[in-house]
Amino acid sequence: MIRKELVAASAEPMILSLLAQGESYGYAIIQEIKARSGGKLNWTDGMLYPVLHRMEYRGLIKSRWGESETGRKRKYYSLKKDGKTAMARHHEQWSLVHSVLAGLRKEQYV
Amino acid sequence: MFDLEKSIADWRQQMLAAGIKSPMPLEELENHLREDIAERKKSGLSEPMAFAWAVQRIGSADTLNAEFLKCSGRKERRDQLLKRFMLGYFSVAYGAIKLMGIHAFLKSDMSLAWRLAGWADIAFFALIVVSLLGWRWSRRAFPVIPSQRVRRAVGVGFSLIGLASLMALRNFILPNSQLAQGAGLVMVLWFFTLMPTLAVVLAGLEDAAKLKRVT
């Protein structure tokens with residue numbers, strides 16, 4: 001299980017990157033992240049929505065009401081231009097963190 | 001027997017009580033809950049178990065609300081505070097005027113008919129206060145009007161009734177010098193009961209529509 005702080009910090013880049021592939025809705029986003037992390041990135045489901053709303057409020061994503069296959073109302077989210085920029089910045093920062101960590105780890109085995 | 005709709009309605013109430021707003025984000029959370037329950041049932045869980053798991057996964061009302069409050073803008077929070085302050089201020093001012101009216105009524109002389117009319121007002125007013133104190137229960141008594149347009153029309157109608165009664169009181173009833181002793185006072189008392197009554201009915205209609213909305 002991944003630590004709470006890390007889960008919280010990675011939520012925004014994960015959502016942005018996922019929405020970059022096309023619009024999606026809350027339940028599907030959670031399922032997708034869960035599947036991709038082998039169940040190790042485990043959000044309290046409800047917590048996704050405040051994050052989505054905050055991102056919408058900041059103009060990173062936008063939402064629209066649509067319908068599910070069964071005819072139920074469903075809120076779809078998609079990326080806005082600012083969201084793409086934010087995603088690029090996130091990727092840069094995460095790669096930097098990752099490369100520093102990877103470099104340090106490699107040196108341990110030299 | 002487990003009733004899914006009833007359980008979801010109860011869950012909605014808990015969310016509303018914690019301060020989660022309807023329709024948004026409550027609608028979205030409810031959609032999520034229903035979807036989660038459906039998926040869990042598909043994978044073989046019984047309905048009560050699926051519901052219990054989904055509720056647990058979505059998180060407690062208070063934690064959720066705290067998170068939602070973080071993302072609502074500062075202005076929104078200030079508006080909320082201001083609204084509460086105004087409501088408190090007006091209820092205190094209103095209560096003081098009403099109590100002064102009742103005090104004057106108790107001390108003044110009048111015929112039995114007007115005396116009874118005055119007591120009827122006090123009883124009715126007490127009923128309104130009691131229904132406000134027990135709002136959790138009394139709000140269930142209101143009919144559900146799903147159409148927002150109809151509810152708005154009722155609101156406009158009520159405002160007109162209130163305005164008309166104020167005009168009648170001010171322009172025709174109170175200036176009338178033939179008025180029996182105490183009659184003006186009793187009518188003013190009734191007018192001061194009419195206002196919150198209309199407001200309570202409107203709030204009740206809004207709440208009923210909010211609570212029973214099932215997608």
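Letters A, B, ... are given to chains in the order of the sequence lines, protein chains preceding strands, and every chain is numbered from 1. Source: prediction; values computed, not measured.
Between A:P50 and B:L64, the shortest heavy-atom distance links the atoms CG-O, 4.4 Å. Considering all non-hydrogen atoms of both residues, A:M47 and B:T63 come closest at CE-CB, 3.7 Å.
The line from CD of B:E28 to OG of A:S63 is 7.5 Å long, rounded to the nearest 0.5 Å. Taken from OH in A:Y49 to CG in B:L26, the straight-line distance is 12.0 Å, to the nearest 0.5 Å. Once rounded to the nearest 0.5 Å, the distance linking NZ of A:K73 with CD of B:E30 reads 9.5 Å.
Neither the backbone nor the side chain of B:S60 comes within contact range of chain A; no heavy atom of the residue lies under 4.5 Å from a heavy atom of that chain. With a 4.5 Å cut-off on non-hydrogen atoms, A:W65 touches chain B through its side chain but not through its backbone.
Within the 4.5 Å cutoff, the side chain of B:H32 has heavy atoms near those of the A:I30 side chain.
Salt bridge status for B:E35 with A:R74: present, with a side-chain N to carboxylate O gap under 4.0 Å. Salt bridge annotation for A:K75-B:E27: absent, with no cationic side-chain nitrogen under 4.0 angstrom from a carboxylate oxygen.
Crowding of A:E5 atom CD: a count of heavy atoms from other residues, nucleotides or ligands under 6.0 Å exceeding 12. The neighbour count for B:W53 CH2, taken as heavy atoms of other residues, nucleotides or ligands under 6.0 Å away, does not exceed 12. Atom CZ of A:R64 has more than 12 heavy atoms from other residues, nucleotides or ligands within 6.0 Å.
Of the listed residues (B:L29, B:D36, B:L33), the one with the most heavy-atom contacts under 4.5 Å to chain A is B:D36.
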